[in-house]
Chemist: 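Dumping the structure here so I can ask a few things about it.
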Amino acid sequence: MSFFFKPSRPKTPQEVVKAIRDSLMALDTKTVVEVKALEKALEEVEKNFSSLRGMLSGDGEAEPNADQAVQLAMEICKEDVIALVVHKLPILGWETRKDLMHCWAILLKQKVGQAYCCVEYFEDHFELLDCLVVCYDNKEIALHCGNMLRECIKFPSLAKYILESASFELFFKFVELPNFDVASDAFSTFKDLLTKHDSVVSEYLTSHYNEFFDLYERLLTSSNYVTRRQSLKLLSDFLLEPPNSHIMKRFILEVRYLKVIMTLLKDSSKNIQISAFHIFKVFVANPNKPQEVKIILAKNHEKLLELLHNLSPGKGSEDDQFEEEKELIINEIERVSRLQNP
C-alpha cells in the first residue's frame with residue numbers, strides 16, 4: 001500500500017479564470033440566499049483570486065511565467081471577468097480585494113502583440129470606468145477603486161475618456177468629502193488625470209476651458225485649507241507646463257482669476273501664499289496684460305507691495321531666486337501703477 005499521493009495537476013490559465021468567473025457569478029443575490037451560502041461563495045472567490053495572484057507573481061519558489069500571464073489576461077477579457085469584478089467589488093472580502101489590487105496592475109500591462117488586451121477591453125466597455133469613479137461615494141471600497149483607477153489612468157485612452165466623461169465632474173465633489181482618506185485618494189486620482197498625459201490634458205482644457213475653470217475656482221476658494229493648498233499646487237503643476245502654455249496665456253488675461261490668486265496671496269498660510277505667488281507673478285510679468293488687469297494691479301498696488309515685501313519662503317536654497325523674482329514683480333507693479341496713475 002502506497003503512502004504517497006500523486007501531486008495534483010497545476011491549473012491552466014483557462015481553468016483559473018473559469019473558476020474565478022463561476023465563483024463571482026455565484027455571488028448573484030438570486031443565487032445566494034442564505035448568509036452561510038454567501039460566506040462559502042466569498043471564500044471560493046478568495047481562494048480563486050489567491051490562485052490568480054500566485055500565477056501572476058509567483059509563489060515564492062517559482063518565478064511567474066510570462067506566457068501564462070498573457071494567457072490569463074486574454075482569458076479574463078474573453079470571459080468578461082473585468083466587468084464582473086467591477087460590479088461585485090462592494091461585496092468582495094478584504095483579502096480578495098487585496099489580491100485583486102495586486103493583480104490589477106499586472107494584468108493591465110500584459111501585451112498581446114502590440115496591444116494591451118485589458119486596456120482594449122476597457123475601450124470597449126468605457127462605462128466600467130464610470131462605475132469605478134462613482135465608487136468614491138462608497139467609503140468601504142473607495143480606496144480600492146482609486147487604486148484601480150490610477151492604474152487605468154496610466155494609459156492615455158482611458159485617461160482621455162474619464163476627463164471627457166460626465167463622471168469627471170464628480171471629482172470636484174469627491175476631493176472635499178468629509179472622510180479625509182477618501183478625499184485625499186480622490187485628489188491623487190484627480191491629480192493624475194491632469195498631469196500624466198500632457199497632450200491629452202491640453203486637448204481637454206482647450207475644449208472645456210470655461211466649464212473646467214468654473215469648477216476649479218470653487219476649489220481655490222474653498223473654506224477647506226487642504227483643498228485650497230492642494231488645488232493651488234496642482235494648478236501650478238499643470239498650468240505652468242509648456243504643453244499648456246496656450247491655456248496659461250488665456251488664464252492670465254482674466255481679472256476674475258487674478259482676483260482669486262490675489263486673495264490667496266494674503267491667505268493666513270505661508271505655504272498657500274508662496275504657491276499663489278508663483279501664479280501671481282505670471283499675471284504681472286505678462287507683457288500683454290489687458291487694461292483690466294493693469295487697473296486691478298494699480299488700484300491695489302500698495303497692499304500688494306506690502307504683502308510682497310513681507311513674503312519670504314524661509315530658509316532654503318531657492319531664496320536668492322525667489323528674492324530676484326519678487327523684486328522683478330515689485331518693480332513691474334510699481335511701473336504699472338505709475339502709468340495708470342501719472
Chemist: For residues L307 and L328: do they belong to one hydrophobic cluster (side chain heavy atoms under 4.5 Å, members Ile, Leu, Val, Met, Phe, Trp, Tyr)?
Modeler: no
Chemist: Answer yes when E44 and K47 have at least one side-chain N-carboxylate O distance shorter than 4.0 Å, and no when they do not.
Modeler: yes
Chemist: Are any of the side-chain heavy atoms of V17 and M74 separated by less than 4.5 Å?
Modeler: no
Chemist: Begin from the C-alpha positions of K139 and D181 and carry the test salt bridge (charged side-chain N to carboxylate O under 4.0 Å, His left out) through to its verdict.
Modeler: CA-CA 9 Å; K139 66 180 180 181; D181 290 336; over 6 Å; no
Chemist: Between L27 and K88, which heavy-atom pair has the shortest distance, and what is it?
Modeler: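 In this case the closest contact between L27 and K88 is C-NZ, 4.0 Å.
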Chemist: Using modelled atom types only, decide if a donor and an acceptor are shared between the side chain of N286 and the backbone of V282 within a distance under 3.5 Å.
Modeler: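 No; zero donor-acceptor contacts below 3.5 Å.
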Chemist: Does some side-chain heavy atom of Q230 sit less than 4.5 Å from a side-chain heavy atom of V175?
Modeler: no
Chemist: Is any NZ, NE, NH1 or NH2 atom of the basic residue among E151 and K154 found under 4.0 Å from an Asp or Glu carboxylate oxygen of the other?
Modeler: yes
Chemist: Would you say N48 and S23 are linked by a side-chain donor-acceptor pair, where the criterion is simply a distance under 3.5 Å?
Modeler: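 Result is yes, a qualifying pair exists.
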Chemist: Determine whether D198 and N244 make a side-chain contact, defined as any pair of heavy atoms from C-beta on separated by less than 4.5 Å.
Modeler: no
Chemist: Main chain of D99, side chain of H102: is a donor-acceptor contact present, judged purely on distance under 3.5 Å?
Modeler: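 No, H102 side chain to D99 backbone: no donor-acceptor pair under 3.5 Å.
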Chemist: For the atom pair OG (S157) and CG (L129), what is the distance rounded to the nearest 0.5 Å?
Modeler: 9.0 Å
Chemist: If you count heavy atoms of other groups shown closer than 6.0 angstrom to NZ of K266, is the number above 12?
Modeler: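 Open.
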Chemist: I'd like to know whether CD of E211 has more than 12 heavy-atom contacts from other residues, nucleotides or ligands below 6.0 angstrom.
Modeler: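 Counting neighbours around CD of E211, more than 12 heavy atoms of other residues, nucleotides or ligands fall under 6.0 Å, so yes.
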Chemist: Can you list the steps and then say if V45 with I20 is a side-chain contact (heavy atoms from CB on, under 4.5 Å)?
Modeler: CA-CA 6 Å; V45 172; I20 289 173; over 6 Å; no
Chemist: Do S222 and E176 come within less than 4.5 Å of each other through their side chains, counting heavy atoms only?
Modeler: yes
Chemist: Could you tell me the separation between the CD1 atom of I333 and the CG atom of L304, rounded to the nearest 0.5 Å?
Modeler: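 I333 atom CD1 to L304 atom CG measures 5.0 Å (nearest 0.5 Å).
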Chemist: May I have the step-by-step check of salt bridge (charged side-chain N to carboxylate O under 4.0 Å, His left out) for E123 and K160, ending in yes or no?
Modeler: CA-CA 11 Å; E123 290 171 349; K160 177 180 171 68; over 6 Å; no
Chemist: Can a salt bridge be assigned to the pair R256 and D214 using a cut-off of 4.0 Å between side-chain N and carboxylate O?
Modeler: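 Looking at R256 and D214, the cut-off is met.
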Chemist: Give the intermediate values and the outcome of ring pair (Phe, Tyr, Trp, His ring centres under 6.0 Å) for residues F213 and Y209.
Modeler: CA-CA 6 Å; F213 282 106; Y209 178 89; 4.8 Å; yes
Chemist: Taking side chain as C-beta onward, heavy atoms only, is C118 less than 4.5 Å from Q110?
Modeler: no
Chemist: One thing to verify: whether E323 and K326 come together as a salt bridge, which I'm taking to mean a side-chain N less than 4.0 angstrom from a carboxylate O.
Modeler: yes
Chemist: Counting distance only, does the side-chain N/O of S245 pair as donor-acceptor with the main-chain N or O of P242 below 3.5 Å?
Modeler: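 Yes, S245 side chain to P242 backbone: donor-acceptor pair under 3.5 Å.
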Chemist: Is any side-chain heavy atom of E140 closer than 4.5 Å to one of P90?
Modeler: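 Contact flag for P90/E140 side chains = no.
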Chemist: Are side-chain N/O atoms of T189 and Y136 paired as donor and acceptor at under 3.5 Å?
Modeler: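 Result is yes, a qualifying pair exists.
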Chemist: With rounding to the nearest 0.5 Å, note down the distance linking CG in L132 to SG in C145.
Modeler: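 Result: 5.0 Å between the selected atoms.
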Chemist: Hey, can you tell me if F251 and Y257 have their rings parallel, tilted or perpendicular (30° and 60° cut-offs)?
Modeler: parallel
Chemist: With a 4.5 Å limit on heavy-atom distance, are the side chains of I76 and Y121 in contact?
Modeler: no
Chemist: Does the ring center of F122 lie less than 6.0 Å from the ring center of F155?
Modeler: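 So the answer is no for these two rings.
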Chemist: Salt bridge between E46 and K98, side-chain N to carboxylate O under 4.0 Å?
Modeler: no
Chemist: With a cut-off of 6.0 Å (strictly less than), are more than 12 heavy atoms of other residues, nucleotides or ligands near CD of E169?
Modeler: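 Atom CD in E169 is not crowded, with 12 or fewer foreign heavy atoms closer than 6.0 Å.
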Chemist: Are the aromatic ring centres of F212 and H208 under 6.0 angstrom apart?
Modeler: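 Judged by ring-centre distance (under 6.0 Å), F212 and H208 do not meet the cut-off.
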Chemist: Is the side chain of T263 donor-acceptor paired with the backbone N or O of K259 at a distance under 3.5 Å, no angle test?
Modeler: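 Yes; at least one donor-acceptor contact below 3.5 Å.
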Chemist: Please enumerate all residues that pass side-chain hydrogen bond (donor to acceptor under 3.5 Å, both in side chains) together with E325, with sequence neighbours excluded.
Modeler: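 E325: side-chain hydrogen bond (donor to acceptor under 3.5 Å, both in side chains) contacts with K281, Q321.
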Chemist: Give a yes or no on this: more than 12 heavy atoms of other residues, nucleotides or ligands lie within 6.0 Å of atom CD of E164.
Modeler: yes
Chemist: Applying side-chain contact (heavy atoms from CB on, under 4.5 Å), run through L89 and M148 and close with a yes or a no.
Modeler: CA-CA 11 Å; L89 196 60; M148 293 162 77; 3.9 Å; yes
Chemist: Are F168 and F190 an aromatic pair by the rule of ring centers under 6.0 Å?
Modeler: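 Centroid separation for F168 and F190: below 6.0 Å.
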Chemist: Nearest 0.5 Å, what's the CG-CG distance between N300 and L305?
Modeler: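 Nearest 0.5 Å value for the CG-CG distance: 10.5 Å.
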Chemist: With respect to D267, which candidate in Q273, R229, R228 satisfies the side chain to side chain donor-acceptor pair (under 3.5 Å) definition?
Modeler: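 The residue from Q273, R229, R228 that satisfies side chain to side chain donor-acceptor pair (under 3.5 Å) with D267 turns out to be R228.
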Chemist: If the threshold is 4.0 Å, N to carboxylate O, is there a salt bridge linking R150 and D185?
Modeler: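 A salt bridge links R150 with D185.
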Chemist: Is L72 reachable from L84 through a run of hydrophobic residues whose side-chain heavy atoms are each under 4.5 Å from the next?
Modeler: yes
Chemist: Please answer whether the main-chain N or O of I162 pairs with a side-chain N or O of S165 as donor and acceptor at a distance below 3.5 Å.
Modeler: yes
Chemist: Show your reasoning for whether side-chain contact (heavy atoms from CB on, under 4.5 Å) applies to T221 and Y216.
Modeler: CA-CA 9 Å; T221 56; Y216 207 90; over 6 Å; no
Chemist: Between E75 and K18, is there a side-chain N and carboxylate O pair less than 4.0 Å apart?
Modeler: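 So E75 does not pair with K18 through a salt bridge.
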Chemist: Which distance, rounded to the nearest 0.5 Å, do you find between the OG of S275 and the CG of L264?
Modeler: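 Result: 9.5 Å between the selected atoms.
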Chemist: May I ask you to decide if L92's main-chain N or O and R97's side chain share a donor-acceptor pair within less than 3.5 Å?
Modeler: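 Yes, the answer is positive, given that a donor and an acceptor are paired below the 3.5 Å cut-off.
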Chemist: Mind checking the CD-NE2 spacing from E327 to H309? Nearest 0.5 Å is all I need.
Modeler: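 Here the rounded value is 7.0 Å.
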Chemist: Please name the residue in the list L253, V255, I295 that meets the side-chain contact (heavy atoms from CB on, under 4.5 Å) test with P290.
Modeler: L253
Chemist: What about H144 and W94, are their ring centers closer than 6.0 Å?
Modeler: yes
Chemist: So T195 and E241, side-chain contact (heavy atoms from CB on, under 4.5 Å) or not? Walk me through it.
Modeler: CA-CA 9 Å; T195 56; E241 285 299 307; over 6 Å; no
Chemist: Would you find a donor on one side and an acceptor on the other, under 3.5 Å apart, between the side chain of N179 and the backbone of V182?
Modeler: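 Yes; judged by distance alone, with no hydrogens or angles, the pair exists.
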Chemist: Please say whether more than 12 non-hydrogen atoms of neighbouring residues, nucleotides or ligands are located less than 6.0 Å from NZ in K289.
Modeler: yes
Chemist: Determine yes or no for a side-chain-to-main-chain donor-acceptor pair under 3.5 angstrom, with S188 supplying the side chain and S184 the backbone.
Modeler: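 Yes, the answer is positive, given that a donor and an acceptor are paired below the 3.5 Å cut-off.
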Chemist: Would you check if V133 and F174 make a side-chain contact, meaning some heavy-atom pair closer than 4.5 Å?
Modeler: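 Answer yes - side chains close enough.
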Chemist: Group every Ile, Leu, Val, Met, Phe, Trp and Tyr by side-chain heavy-atom contacts under 4.5 Å, then state whether I274 and I330 land in the same group.
Modeler: yes
Chemist: Parallel, tilted or perpendicular: which describes the rings of Y161 and F126, with under 30° parallel and over 60° perpendicular?
Modeler: parallel
Chemist: Shared ILVMFWY cluster between V112 and I106, side chains joined below 4.5 angstrom?
Modeler: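 Shared cluster, no.
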